[in-house]
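A quick write-up on the structure given underneath.
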Amino acid sequence: MWTWRFQDSAGTEAPPAVAPEEFDTQADAEAWVGEVWQELRDGGTERVVLYQEGVEDYAMSLLAAEA
């Protein structure tokens with residue numbers, strides 16, 4: 001199973017603005033976060049972390065890159 005965890009600006013785990021799901025594939029998990037990332041960001045999530053079976057795979061910022 002693939003799951004997302006959500007972090008605020010301090011890097012602490014935060015409740016997401018959109019109810020998280022569990023996914024059978026990494027592609028499904030990435031597609032979901034691609035659909036809801038703006039709602040998550042607007043709700044205070046600044047970073048998402050993808051886990052596979054409880055092991056961190058990667059983290060990603062939801063903030064726009066600064067030029």
Beyond-backbone contact of E53 with M1, side-chain heavy atoms, under 4.5 angstrom: yes
Determine whether L62 and L40 make a side-chain contact, defined as any pair of heavy atoms from C-beta on separated by less than 4.5 Å. yes
Are W37 and F23 linked, directly or through intermediate hydrophobic residues, by side-chain heavy-atom contacts shorter than 4.5 Å (ILVMFWY only)? yes
Taking the side chain as C-beta and beyond, is there a heavy-atom pair between Q26 and D57 under 4.5 Å? yes
Is the shortest side-chain heavy-atom distance between D28 and W32 below 4.5 Å? no
Decide whether W2 and E22 meet the rule of one side-chain donor and one side-chain acceptor closer than 3.5 Å. no
Distance check, rounded to the nearest 0.5 Å: T45 atom OG1 versus Q7 atom CD? 9.5 Å
Heavy atoms only: give me the nearest A17-E39 pair and the separation to one decimal. CB-O, 3.5 Å
Distance under 6.0 Å and angle within 45° of ring axis: R47 vs F6: no
Heavy-atom pair with the smallest gap, counting every atom of Y51 and E56: CD2-N, 3.3 Å
L63 reachable from Y58 in the ILVMFWY side-chain graph, under 4.5 Å edges: no
Checking W4 side chain against V33 main chain: does a donor-acceptor pair fall under 3.5 Å? no
